[in-house]
Amino acid sequence: MANGTMITTEKRPPLPGTRPEGARDESEAAARVRDMFTRIAPRYDFLNHLLSFSLDHVWRRRTAKRFLHILRRPDARILDLCCGTGDLAFALDRARASEMRGSQGPCAQIIGSDFVEPMLVRAREKAAAGHRAVVFAASDALHLPFPDASFDLITTAFGFRNLANYEEGLREFARVLKRGGELGILEFTEPTSGPMADLFRFYFKNVLPRIGGAISGNAEAYKYLPGSVSKFPSPPELSALMEKCGFRDVRIASWNFGSVILHTAERR
């Protein structure tokens, strides 16, 4: 209240998707994200493992394990979106190979997709070096080049947050999933309480950007990361959006003191 007049501040509506600094609309946001990840691609894997203390391997293995009931089906078609350099796709492929050990006959290929070509170049190099049966193809997650009801499982690890429109992304995922198919979204989130919440925020906003910027040579990208996490929908908000966009039975697994969340759901 000032001079007898009540002043109210309206809460700004949540952003429809990521908005890197300076991006005025969805088109500019997508272009800036593509440019940032193009520039950090050469050091991307090293920094992922360094800055997460190699826990990113654990989170991806846990995610793959959640979908063993699908992976053990040789005909199941699997799409890993915003795949970066392919680490989740490889975790899925290793889990499937373990489940199918001793069985005869081919399995449907796992497809990894991203709209940053330098990331896919590194993913293909890693696939060849590790003899992994994963195919990588460039595509925009908001405009996928696949027919309706093409896949039994869609996953994405630490990439969904970078979409310029979350609702459009989820609707596109639902379009290419078969009815009864499943979705897994692995993402960072800010812990809201508990002893690790303040420590996480300090590390994410002060330590990580400095180390990431110094090693990658791109301070902007590692300044963007904590900002994008703080603006990302909370787990209940993302769950509600998933239900709105054609999914049911949304479940949440929380790891790393609540800073890493896996949402799983079934396509209605």
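These numbers were taken from a predicted model, which means no experiment stands behind them. In what follows, residues are counted from 1 in the order of the sequence shown.
Here the CG-NE2 distance, from Leu238 to His263, works out to 4.0 Å after rounding to the nearest 0.5 Å. One finds the CG atom of Asn162 at 14.5 Å from the CZ atom of Arg32 (value rounded to the nearest 0.5 Å). A distance of 9.0 Å separates OG1 in Thr189 from CD in Glu237, rounded to the nearest 0.5 Å. Cys83 contributes atom SG, which lies 9.5 Å from atom CE of Met119 (distance to the nearest 0.5 angstrom). Between the OG1 atom of Thr85 and the CG atom of Asp45 there is a distance of 3.5 Å, given to the nearest 0.5 Å. Between atom SG of residue Cys245 and atom CZ of residue Arg175 there is a gap of 14.0 Å, rounded to the nearest 0.5 Å.
Classification of Arg77 and Asp152 as a salt-bridged pair fails, no side-chain N sitting under 4.0 Å from a carboxylate O. A salt bridge links Glu117 with Arg124: at least one charged nitrogen is closer than 4.0 Å to a carboxylate oxygen. A salt bridge does not link Glu182 with Arg251: none of the charged nitrogens is closer than 4.0 Å to a carboxylate oxygen.
Residue Phe202 is grouped with residue Leu50 when hydrophobic side chains (ILVMFWY) are merged at heavy-atom distances under 4.5 angstrom, including chains of intermediate members.
Although no hydrogens or angles enter the test, the distance criterion places a donor-acceptor pair under 3.5 Å between the side chain of Glu187 and the main chain of Gly159. Using modelled atom types, no side-chain atom of Arg201 and backbone atom of Asn206 make a donor-acceptor pair closer than 3.5 Å. Between the side chain of Ser230 and the backbone N or O of Gly227, at least one donor-acceptor pair lies under 3.5 Å. A donor-acceptor pair under 3.5 Å is absent between the side-chain atoms of Arg267 and the main chain of Lys178, judged by distance alone. The closest donor-acceptor contact from the side chain of Arg268 to the backbone of Glu243 lies under 3.5 Å. Looking only at distances, no side-chain donor or acceptor of Arg19 sits under 3.5 Å from a matching main-chain atom of Glu28. Side-chain atoms of Ser239 come within 3.5 Å of backbone N or O of Pro235 as a donor-acceptor pair.
Paired with Pro20 under the rule side chain to side chain contact (heavy atoms under 4.5 Å, CB included), one option of Glu220, Met36, Lys223 passes, and it is Met36.
No side-chain heavy atom of Ile215 sits under 4.5 Å from any side-chain heavy atom of Tyr222. Taking 4.5 Å as the limit, some side-chain heavy atom of Leu144 sits within range of a side-chain heavy atom of Leu81.
Aromatic ring centroids of Phe146 and Phe151 lie under 6.0 Å apart. Checked against the 6.0 Å centroid threshold, Phe173 and Phe247 do not count as a close aromatic pair. Taking the centre of each ring, Phe136 and Phe90 come in below the 6.0 Å mark. Close placement of the Phe232 and Tyr166 rings is indicated, their centers lying within 6.0 Å of each other.
With no hydrogens or angles considered, a side-chain donor-acceptor pair links Arg161 and Ser228 at under 3.5 Å.
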Using a 3.5 Å cut-off and no angle test, enumerate the donor-acceptor pairs between side-chain atoms of residues 61-68 and protein atoms at least two apart in sequence or in another chain.
residue, atom, partner, partner atom, Å
Thr63, OG1, Trp59, O, 2.9

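For Arg132, the side chain to side chain donor-acceptor pair (under 3.5 Å) partners two or more places apart in sequence, or in a different chain, are Asp93.
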